[in-house]
Amino acid sequence: MEKRVFTAFILSIVVALGYQYLVLGPKQEAKRKELEQFVESQNIEKDNEHGVAAVTGQPGTPASVPTANGIPGQEDLATQGEEIVLENNKLIAAFSTVGASLVSLTVKEEEQGDVLLFQNALFSHQPFYVDGLYEAGTVPIFAYRQTAPNQVVFTYQSGTIVQDKTITLADDSFQFDVSVSIRSTAPQPLLFSEGISFVLGSINKVVKDDKKEILEAAAFTSEGNGKAQRRKIGGKKKPNSIIGGENYVLWGSIKNRYYALIMKPSSPLRSMGFYETGTDSKNPVHIPYMNTGQVSMNTGETVKYDFLVYAGPQVLENLAPYESDFKEMMYFDGFFGPINEILIFSMKWLFGIVKSYGVAIIILTIAIKLLFYPFTKKSFKSMKQMQSLQPKIAVLKEKYKNDQQKLQQETMALYKKEKVNPLGGCLPMLVQLPIFFALFRTLSNAYELIHAKFFWIQSLSAPDHFMTLPIGDGFPLNILPLIMGVTMVVQQKMSTVDPQQQKMMMMMPVFFTFLLYNLPSGLVLYWTLSNVISIVQQKMIKAE
């Protein structure tokens, strides 16, 4: 029987993973090649993910560019303005005179090499671009002067407005200061009925082809007890705008799994919205922006908007000092927030002692299992009592097989007589769920694990790719999820005695193996070790 169960488990895993890589994989690859051919047919540079061609212009003069309904979109032409680079020991930031916006942002990484967070989106969708000031079809070409090694001032003048934008990159920091002043030169009052928008831009995935990585935008608002409102910015559906009143949006952000760009205005803005663009109409790119709401200006009047910008890794010690709760980007909010913070602090504290995040995760797992051992013991004992009643319950099922109501009454009477709680095996486990969900978020998104190696695992933030099997275009063999699946099979066999229940419960290891196969190995390591410790604890309890 055990051989048949184990064989069925392995075959289920092979079928599930085979379908993913042999059926779904080729379909996704075909779509990717189709998109590449389209890009090449339009003579679009490979680095330019949105596909635009070049126009030229002189600083301080507008160039014509087609737009859709006055809102920059896929029809934008690319622009090649003069590039200005600001650099410190943390970041390399390149700005263009076209739109006076950020065209590429690179985080300097000592161990894995530099990480490119952003590059060559549409000029009107780049970070720090100011939208809503120009007539439809206008490309603003800025003049500039570099007033310090880490500071540049951009200037643009048309017939009605003068815009100055000063960008300063702080020393030894991931922080920018951005100051935008807008002065009216019109002979009559100006009204920007749709408001003035400040673009946050797009952000690259950490791993380009990672289908599971979620890109998000968030707005920290003045309502809801200061909880950040999040929006997924990838996929077919355009995110809903975040619209409030005066002093509503305290800051806005975009993030991938490990990095974030956060813009905090000195005075709260009114709303957050999203452009929709990209060459793939089925999976458009959504670009978030913050909007002021309606703005009116008298002749000669100047309005000014100042922003503090953080662009870098989501690391607690980097984000925590900001009074604006930037650490919420790491999901340190809501019910699980304090638990997340304790867990990541504990993991980093352990790392400081053992100098290995793999060992730190193992120690943390053991500590959590010991902490919850009383609940685990109570749960196992309750399950053991339930197992001992199975023969009596079987007799009742046979006796009252034609009367379900009577069967339920007699079964409950049996539980009461034997002093057994049928939910006793579940309730103690529910107590552990907050820790489990917090660990899932912590280990799935911990920046510190990017560089963490452990035995054959090159990064605890990625699947534990052991080798590539010569199947199809290459089948990645990940060892830890398979070990985890085996430990779940052993656990299920120990905790379930009813053969029918065993057959049903065997689907759980298959499901979880498939679910965890491509998740970060740090999370799978925790889950696997947790299962092993549970098996040992269960044997100890049975031996008592």
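Remember, it's a predicted structure, so these values are computed and weren't measured experimentally.
Under the salt bridge (charged side-chain N to carboxylate O under 4.0 Å, His left out) criterion, no residue pair touches residues 154-179, with sequence neighbours excluded. The salt bridge (charged side-chain N to carboxylate O under 4.0 Å, His left out) contacts involving residues 347-367 comprise Glu317-Lys348, Lys348-Glu448, where partners must be two or more places apart or lie in separate chains. Among pairs with a residue in residues 298-309, those fulfilling side chain to side chain donor-acceptor pair (under 3.5 Å) read Ser179-Asp306, at least two apart in sequence or across chains.
Residues Ala452 and Tyr357 come closest through the heavy atom pair CB-CB, 3.8 Å. Pairing each heavy atom of Ser241 with each of Arg231, the nearest pair is O-NH2, 3.8 Å. For the pair Val139 and Val98, the tightest heavy-atom approach, listed with the atom from each and the gap, is CG1-CG1, 3.5 Å. Shortest non-hydrogen contact noted between Val249 and Met272 is CG2-N, 4.2 Å. A pairwise comparison of heavy atoms in Ala360 and Leu350 identifies O-CD1, 3.6 Å as the closest pair.
Shown here are the salt bridge (charged side-chain N to carboxylate O under 4.0 Å, His left out) partners of Arg270, two or more places apart in sequence or in another chain: Glu246. Scanning for ring pair (Phe, Tyr, Trp, His ring centres under 6.0 Å) contacts around Phe192 gives an empty result, with sequence neighbours left out. Scanning for ring pair (Phe, Tyr, Trp, His ring centres under 6.0 Å) contacts around Tyr258 gives an empty result, with sequence neighbours left out. By the side-chain contact (heavy atoms from CB on, under 4.5 Å) test, Asn291 is found to be paired with Ser197, Ser271, Tyr289, residues two or more places apart in sequence or in another chain being considered. Looking at residues two or more places apart in sequence or on another chain, you find no side-chain hydrogen bond (donor to acceptor under 3.5 Å, both in side chains) involving Asn256. In this structure Glu341 satisfies the salt bridge (charged side-chain N to carboxylate O under 4.0 Å, His left out) test together with Lys327, sequence neighbours excluded. Residues satisfying the ring pair (Phe, Tyr, Trp, His ring centres under 6.0 Å) criterion with Phe154, sequence neighbours excluded, are absent altogether. Every residue was checked against the ring pair (Phe, Tyr, Trp, His ring centres under 6.0 Å) condition with Tyr526, not counting sequence neighbours, and none meets it. The side-chain contact (heavy atoms from CB on, under 4.5 Å) check on Thr147 picks up Arg145, Gln151, Val153, with sequence neighbours excluded.
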With side-chain contact (heavy atoms from CB on, under 4.5 Å) as the criterion, how do Leu91 and Val107 come out once you've worked through the C-alpha distance, each side chain's angles and the decisive distance to 0.1 Å? CA-CA 5 Å; Leu91 298 172; Val107 178; 3.8 Å; yes
Audit row: Leu308, Phe326, side-chain contact (heavy atoms from CB on, under 4.5 Å) steps and yes/no: CA-CA 11 Å; Leu308 182 152; Phe326 283 179; 3.8 Å; yes
Determine, step by step, whether Tyr322 and Lys264 satisfy the side-chain contact (heavy atoms from CB on, under 4.5 Å) criterion, reporting the C-alpha distance in whole Å, the side-chain angles of both residues, the deciding distance to 0.1 Å, and the verdict. CA-CA 11 Å; Tyr322 291 98; Lys264 180 185 181 300; over 6 Å; no
Passes side-chain contact (heavy atoms from CB on, under 4.5 Å), Leu439 versus Ile368? Steps please. CA-CA 10 Å; Leu439 268 170; Ile368 291 171; 3.5 Å; yes
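Checked by atom type and distance alone, the side chain of Lys108 pairs as donor or acceptor with a backbone atom of Asn88 at under 3.5 Å. Looking at Ser459, its side chain does come within 3.5 Å of a backbone N or O of Ile450 through a donor-acceptor pair. Counting only distance, with no hydrogens or angles, the side chain of Asn478 and the backbone of Pro463 share no donor-acceptor pair below 3.5 Å. Under the 3.5 Å distance criterion, the side-chain polar atoms of Ser173 are matched with a main-chain donor or acceptor of Gln175.
Counting only heavy atoms from C-beta outward, the side chains of Met263 and Phe128 approach each other to under 4.5 Å. Contact annotation: the side chain of Ile342 never approaches that of Phe345 to less than 4.5 Å [non-hydrogen atoms, C-beta and beyond]. Residues Tyr129 and Pro140 meet the side-chain proximity criterion, which asks for heavy atoms closer than 4.5 Å. Within the 4.5 Å cutoff, side-chain heavy atoms of Met347 are placed close to those of Leu443. Looking only at side-chain heavy atoms (C-beta outward), Pro481 and Asp464 come within less than 4.5 Å of each other. With a 4.5 Å cut-off on side-chain heavy atoms, Ile254 and Pro288 count as touching. By the 4.5 Å heavy-atom criterion applied to side chains, Leu102 and Ile167 are not counted as neighbours. Residues Phe198 and Val178 have side chains not in contact (no heavy-atom distance under 4.5 Å, counting atoms from C-beta outward).
Checking each of Ser101, Ser96, Ser202 against Gln126 for a side chain to side chain donor-acceptor pair (under 3.5 Å) leaves exactly one that passes, namely Ser101.
Distance check, rounded to the nearest 0.5 Å: CG of Leu519 to CE of Met484 gives 9.5 Å. If you take CD1 on Ile361 and CG on Leu460, they are separated by 5.0 Å, rounding to the nearest 0.5 Å. Once rounded to the nearest 0.5 Å, the distance linking CD of Gln163 with CG of Leu133 reads 5.5 Å. Separation of atoms OG1 (Thr160) and CD1 (Ile182) is listed at 11.0 Å; rounding is to 0.5 Å. The NE2 atom of His451 sits 4.0 Å away from the CD atom of Glu109 when rounded to the nearest 0.5 Å. Interatomic distance, Ser521 OG to Ile457 CD1, rounded to the nearest 0.5 Å: 4.0 Å.
Under the 6.0 Å cut-off for aromatic ring centres, Phe176 and Phe307 do not qualify, their centroids lying 6.0 Å or more apart. Two rings, from Tyr134 and Tyr156, have their centers less than 6.0 Å apart.
Taking the six-membered ring where the residue is Trp, Trp251 and Phe220 present parallel rings, their angle staying beneath 30° rather than reaching 60°. Taking the six-membered ring where tryptophan is involved, the planes of Tyr259 and Tyr447 are perpendicular, since the angle between them exceeds 60° and thus also 30°.
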